[in-house]
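Written below as structure tokens is the structure these notes are about.
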Amino acid sequence: QQKDIIVRINKDGQILYHNPSFSDLKKLNDSGSNHIAAYLGDGDFPGLNRILFDFEEGILQVNCEIEVHSDELRWFHFYFSPIKNSRGLIIEIQVVARNIDRILRLERKLSIQKELLLNILHSHNSICLAIDDKAMIQINSRKCQNFTGIPSDQPLNISLMKLLDQNSQNTLIKYIEQSKVRHVKRKEYMVKLRQLDGHYLDYQMLISPISEMSHFGQYFNISLLPA
């Protein structure tokens, strides 16, 4: 009754057993009516020879993402594991495939939405940021990079606190702490922001919560304009 596809194959790729979920799949090529390769489409499948080599080297599981055809093309995460006899020799391979099509589609959608958001941020006159409730920068515009040197086109692990003077840090901390105990609205503060040359300049900071506090934490929009 498993929703995951479960297949057992021999070392040549011939299917020895499959559960009912496998019956929904359709062959994609003519590699053989009973061969696992007949059902595998695009993806990062390394081939059975490579998988067997990895097993002989002591790897216990080989994972890859492969597109297969059922009622339509769908992406699955495949797990290949060796089945050994009492002497430790590989005699078969167990294959488990979990449908990840919905996850990949959501990831693509989020990626497109993030790209659209960044395009909007890059075209804005002010320095635009999004931070979490620990003041870690999640997204920032190119203008932020121009003034502070923080890159806008790669994953960040930088705290906004490092760009503010002590008084401005205290102001931001107070606002974030207030958001944890009660609903906060958009606020406007004067802060000092460190520039590329190390000097601090006065900026008007507009900050507002993106969402209510949840078990994922909270996020804030920040816009900075030179005073």
Side-chain angles (χ1 to χ4, degrees), residues 1-121 130 132 136 138-139 151-157 210-211 214-217 219:
Q1 301 302 316
Q2 271 283 352
K3 291 183 179 180
D4 291 344
I5 293 168
I6 300 176
V7 180
R8 196 161 60 242
I9 61 177
N10 64 17
K11 293 166 67 175
D12 294 324
Q14 298 297 320
I15 297 171
L16 306 175
Y17 164 84
H18 64 77
N19 68 340
S21 294
F22 177 82
S23 302
D24 295 332
L25 300 187
K26 297 178 176 62
K27 287 190 296 181
L28 291 172
N29 58 59
D30 297 323
S31 299
S33 60
N34 197 42
H35 198 281
I36 187 67
Y39 297 88
L40 306 182
D42 293 336
D44 56 356
F45 177 57
L48 281 178
N49 289 336
R50 179 68 204 187
I51 289 175
L52 287 169
F53 176 80
D54 287 343
F55 290 160
E56 295 291 349
E57 292 294 305
I59 292 176
L60 300 178
Q61 188 177 81
V62 175
N63 304 332
C64 52
E65 293 180 358
I66 306 171
E67 194 174 33
V68 298
H69 196 193
S70 52
D71 53 335
E72 60 184 37
L73 286 171
R74 297 181 185 277
W75 283 93
F76 284 76
H77 196 117
F78 277 73
Y79 306 84
F80 294 83
S81 304
I83 298 174
K84 300 181 179 180
N85 62 14
S86 59
R87 291 184 295 163
L89 299 176
I90 298 171
I91 54 173
E92 297 174 4
I93 298 173
Q94 178 166 291
V95 184
V96 178
R98 177 162 296 173
N99 191 326
I100 59 169
D101 198 73
R102 181 172 177 272
I103 294 172
L104 289 183
R105 291 179 190 276
L106 285 173
E107 286 178 349
R108 291 191 191 104
K109 183 178 179 180
L110 288 172
S111 178
I112 291 171
Q113 290 176 339
K114 182 177 180 179
E115 186 176 350
L116 290 171
L117 173 60
L118 285 173
N119 286 335
I120 293 172
L121 292 180
D132 62 17
M136 300 301 293
Q138 305 298 313
I139 298 175
S152 60
D153 57 351
Q154 56 185 287
L156 301 174
N157 188 27
I210 295 175
S211 61
S214 69
H215 62 281
F216 293 112
Y219 297 85

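Treat the numbers as computed from the prediction; the structure is a model and nothing was measured. Scope of the values below: all heavy atoms of this structure, side chains included, with no hydrogens, waters or symmetry mates.
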With side chains defined as the heavy atoms from C-beta onward, is the minimum distance between Asn63 and His77 less than 4.5 Å?
yes
Could you tell me whether the side chain of Phe53 reaches within less than 4.5 Å of the side chain of Arg50, counting heavy atoms only?
yes
Would you say the side chain of Val96 lies within less than 4.5 Å of the side chain of Phe78, judging by non-hydrogen atoms?
no
Would you say that more than 12 heavy atoms from the other residues, nucleotides or ligands in this model lie under 6.0 Å from the CG of Leu60, or not?
no
Minimum heavy-atom separation for Arg74 and Asn99, please, with both atom names.
CD-ND2, 3.7 Å
Which class fits the ring pair His18 and Phe22: parallel under 30°, tilted 30 to 60°, perpendicular over 60°?
tilted
If I take atom CG from residue Asn85 and atom CD1 from residue Ile90, how far apart are they, to the nearest 0.5 angstrom?
10.0 Å
Residue pair Leu16 / Ile9: nearest heavy atoms and the distance that separates them
CD1-C, 3.9 Å
Chi angles and distances behind the side-chain hydrogen bond (donor to acceptor under 3.5 Å, both in side chains) call for Gln138, Asp132:
CA-CA 7 Å; Gln138 305 298 313; Asp132 62 17; 3.2 Å; yes
Rounded distance (nearest 0.5 Å) linking atom CD1 of Ile36 with atom CD of Gln14
10.5 Å
Check whether any side-chain heavy atom of Ile15 lies under 4.5 Å from a side-chain heavy atom of His35, and answer yes or no.
no
Point-to-point distance, once rounded to the nearest 0.5 Å, from NZ of Lys27 to OH of Tyr39:
6.0 Å
How long is the straight-line distance from OH of Tyr17 back to CD of Glu92, given to the nearest 0.5 Å?
12.5 Å
Kindly give the heavy-atom pair with the smallest separation between Ile51 and Pro46, and that separation in Å.
CG1-CG, 3.7 Å
Does any part of the side chain of Cys64, heavy atoms only, come nearer than 4.5 Å to the side chain of Tyr79, both counted from C-beta?
no
Of the non-hydrogen atoms in Arg98 and Asp4, which two are nearest, and what is the gap between them?
NH2-OD2, 2.6 Å
How long is the straight-line distance from CD1 of Ile103 back to CZ of Arg105, given to the nearest 0.5 Å?
12.5 Å
With rounding to the nearest 0.5 Å, note down the distance linking NZ in Lys84 to CD1 in Ile93.
11.5 Å
Any non-hydrogen side-chain atom of Trp75 less than 4.5 Å from a side-chain atom of Val68?
no
Note, Glu65 side chain near Ile100 side chain (heavy atom, < 4.5 Å):
yes
Under 3.5 Å donor-acceptor, Asp54 side chain and Ile59 backbone:
no
